[in-house]
2 protein chains.
Amino acid sequence: MQDAPSRPYHHGDLRRAVIETALDMLRDEKGWQFTLREVARRAGVSHAAPYKHFPDKAALLAELAMIGFDRLRESLSAAKPTAPKSLRDELTKVARAYVAFGTDNPALYRLMYSAEEGQAVGIHLDERALAVFDVLLEILRRGQDAGSIRKRPIEGQAAAGWGLIHGMTMLAIDGLLVSEKVGSAPLDAALSTLVEGLGNPAT
Amino acid sequence: MQDAPSRPYHHGDLRRAVIETALDMLRDEKGWQFTLREVARRAGVSHAAPYKHFPDKAALLAELAMIGFDRLRESLSAAKPTAPKSLRDELTKVARAYVAFGTDNPALYRLMYSAEEGQAVGIHLDERALAVFDVLLEILRRGQDAGSIRKRPIEGQAAAGWGLIHGMTMLAIDGLLVSEKVGSAPLDAALSTLVEGLGNPAT
DNA sequence: ATACATTGTTGACAATGGCTACTTAGGCGC
DNA sequence: GCGCCTAAGTAGCCATTGTCAACAATGTAT
């Protein structure tokens, strides 16, 4: 991780290094409330150096959130089966990957959804965040065309899917899906209920 | 609220006053990251006075969260129709009240779900939090008995309901339910999808 | 070579904020 | 009255942090 010999005065690629270090810290810690100074410390530079690459802390956070959306989309794409048995199967696999991303990257996920003074809205309307949403939309659209998903306004179905998946992710991250409340396989159960609700009963 | 003339040296009921003041602040601000000093300031006492009634800040936060659960349960009970047209109607009304509670009390709701170093689990297993969950369970149970809700393990159905409702609440609080993504009535759509998923198709 | 822009370093400011002593006010039993 | 307990006030420690200003090193174009 740390470069070996007598760090040259100029890092060379500190911007990237700061981002990488911050992502590392998000991996380690539970929350995204790291300090810029700590990032600098871990990156092996002085505490003010990051300011040469980011106007302020919020800028770094926004950048990290965007990277989070990119990675989430990649996760979802990777989880999409190439030859799905059914659309319901596909939807389930993608949803599972979504929740897994959240539990694997709790701090990053929280950051992506933390309303930094109402800026969350803007972030979520960015192209890179919409790309994640489009994965869901595309599946629903295809399902409607194929007849396996109810023909309802697709935005509403997307709302249901997003809401349930986001909710389960948050609950999972917070460790609240304890068997006392939701049994032993809450995610399976929730997803199958969702799929029932979205699915066309005629099929 | 504020006692009138020349505050006596001893407040008399500072514990309650601190809680009330903190609840006021939660109503005003978006987050629950108020400072104890600010609470004391608003309550009109010195910044150290609260420590006579709460060992530390976390204790106050826990107390507030519990009150939140109490109020949420009351809201749900109040929303439960006395003579519901159907169980689906009842479920929808209660769910709507849940989300409304969240959007009406965003900071308090966030506090209730903020994992203060993994203590969220304990809080949510407390009797007063479980009482909220029981409202959902009871409706599902009754629905299963009446045959209008699918006969599936009830914990799984509760997971789906909780997940979707909590998710929609969080999205609503964060202002993310914008029409560009989820259309004009996302909550309606999501709840009807949920009800479809939970409902017994035979009926 | 030399000027200039870039990128890092050092140091400090200002605000914050939880928490802890120690001191004072006041009520209550005796 | 007297002493004691509780509740409140005052003062401050101590650590943290975002940010900025001034300075130093390095690379680059002329």
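Below, chain A is the first sequence line, B the second, and so on; all start at residue 1.
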- Item | Name of the residue among B/Asp134, B/Leu136, B/Val135 meeting side-chain contact (heavy atoms from CB on, under 4.5 Å) with B/Leu76 |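 In the set B/Asp134, B/Leu136, B/Val135, the residue that makes a side-chain contact (heavy atoms from CB on, under 4.5 Å) with B/Leu76 is B/Val135.
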Note to self: A/Ile19 and side-chain contact (heavy atoms from CB on, under 4.5 Å): which single residue from A/Leu14, A/Ile67, A/Asp24 fits?
What the structure shows: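 With A/Ile19 as partner, A/Leu14, A/Ile67, A/Asp24 yield a single side-chain contact (heavy atoms from CB on, under 4.5 Å), made by A/Ile67.
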Between [atom2] of [N] and [atom1] of [X], the distance in whole Å:
X: A/Asp13; N: C/dT6; atom1: CG; atom2: P; value: 17 Å
X: B/Lys52; N: C/dG18; atom1: NZ; atom2: P; value: 17 Å
X: B/Arg41; N: D/dT10; atom1: CZ; atom2: C1'; value: 15 Å
X: A/Phe54; N: D/dT19; atom1: CZ; atom2: P; value: 13 Å
X: A/Tyr51; N: D/dT19; atom1: OH; atom2: P; value: 4 Å
X: B/Gln33; N: C/dT16; atom1: CD; atom2: C1'; value: 14 Å
X: B/Leu36; N: C/dG18; atom1: CG; atom2: P; value: 5 Å
X: B/Leu14; N: C/dG26; atom1: CG; atom2: C1'; value: 16 Å

Does [X] get its side chain close enough to the base of [N], under 3.5 Å, for a donor-acceptor pair?
X: B/His47; N: D/dG12; answer: yes
X: A/His53; N: C/dG8; answer: no
X: A/Arg37; N: D/dT19; answer: yes

field: Residue list, salt bridge (Lys or Arg N to Asp or Glu O under 4.0 Å) with A/Lys57, at least two apart or on another chain
entry: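 Checked A/Lys57 against salt bridge (Lys or Arg N to Asp or Glu O under 4.0 Å); zero matches.
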- What residues form a salt bridge (Lys or Arg N to Asp or Glu O under 4.0 Å) with B/Asp145, not counting sequence neighbours?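 Partners of B/Asp145 by the salt bridge (Lys or Arg N to Asp or Glu O under 4.0 Å) criterion come out as none, since no residue qualifies.
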Original post:
What nucleic acid atoms does A/Ser46 come within less than 4.0 Å of, heavy atoms only: base, sugar-phosphate, or nothing?
Top reply: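 Touches a base.
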_Would you say A/Lys57 places a side-chain N or O within less than 4.0 Å of OP1 or OP2 belonging to D/dG18?_
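Answer is yes, contact under 4.0 Å.
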